[in-house]
Amino acid sequence: DSGVTQTPKHLITATGQRVTLRCSPRSGDLSVYWYQQSLDQGLQFLIQYYNGEERAKGNILERFSAQQFPDLHSELNLSSLELGDSALYFCASSVERNEQFFGPGTRLTVL
Amino acid sequence: GQNIDQPTEMTATEGAIVQINCTYQTSGFNGLFWYQQHAGEAPTFLSYNVLDGLEEKGRFSSFLSRSKGYSYLLLKELQMKDSASYLCALPGAGSYQLTFGKGTKLSVIP
């Protein structure tokens, strides 16, 4: 158990819908990272927050957004969902430049 | 930018030793991570190298050569539970987000 929690574990929805994925980092970790893992693309960095502020952006689509709240939990919002958005979404947390600890992931299926 | 290459698949026998290679190109080096990922599960941290040489941690060792843009993960006394994907990753400058290779899927056979 990494100490990072993610909900829900599984999510099945239809194209065009909007979903919210939630992540709680390890106690004391200020950085939260979101990654997407699909079969053909591997693990891809989406976005990072540090202590409530956006710090870095990767290949995140404009239909996707995220935020980190004062209690440091983070949410990833995915809208206008397409079939290609089906993937595993991981959240990770870390203490500055140390190794990242990954949550169990949310498996999103778009039908 | 950053680019990482790893073999796609490898097979090894239980009890044997296997070496998983990773070559990379990056404009700024901030160390190299190895993660293990079992199918459908979260990646878990194995090692971090920032200086050249070999770092040993139990059955797992990781080697880095910065001048060659090369790293390898050495797994000894292979066990069936070592069947997993092994991911090589580079942290970015500043924010430290990880760029992952596509991963090497290791199958350990009896």
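Order of the sequence lines sets the chain letters (A, B, ...), proteins ahead of strands, with each chain counted from 1.
- Around atom CG of A:Leu83, more than 12 heavy atoms belonging to other residues, nucleotides or ligands sit under 6.0 Å away.
- Closest non-hydrogen pair, B:Pro43 versus A:Leu43, comes out as CG-CD1, 3.7 Å.
- Heavy-atom neighbours of A:Arg26 CZ from other residues, nucleotides or ligands within 6.0 Å: above the threshold of 12.
- No path of Ile, Leu, Val, Met, Phe, Trp and Tyr side chains, each step under 4.5 Å between heavy atoms, connects B:Leu32 with B:Tyr96, placing them in separate hydrophobic clusters.
- In this structure, B:Glu77 places its CD atom where only 12 or fewer heavy-atom neighbours from other residues, nucleotides or ligands lie under 6.0 Å away.
- Heavy atoms of B:Pro91 lying under 4.5 Å from chain A are absent altogether.
- For B:Tyr35 and A:Phe102, the ring centers are positioned less than 6.0 Å apart.
- With hydrophobic clusters built from ILVMFWY side chains whose heavy atoms lie under 4.5 angstrom apart, A:Val19 shares a cluster with A:Val32.
- In terms of heavy-atom pairs under 4.5 angstrom with chain A, the leader among B:Leu87, B:Thr44, B:Leu98 is B:Leu98.
- Annotation for A:Gly103 and B:Ala42: closest pair O-CB, 3.0 Å, computed over non-hydrogen atoms.
- Separation of atoms CD (A:Gln41) and CZ (B:Phe100) is listed at 14.5 Å; rounding is to 0.5 Å.
- No more than 12 heavy atoms of other residues, nucleotides or ligands shown are found within 6.0 angstrom of CG on A:Asn59.
- Heavy atoms closer than 4.5 Å to chain A are found in the backbone of B:Glu41, but not in its side chain.
- A:Gln100 places no side-chain N or O within 3.5 Å of a backbone atom of B:Gln97 that could act as its donor or acceptor partner.
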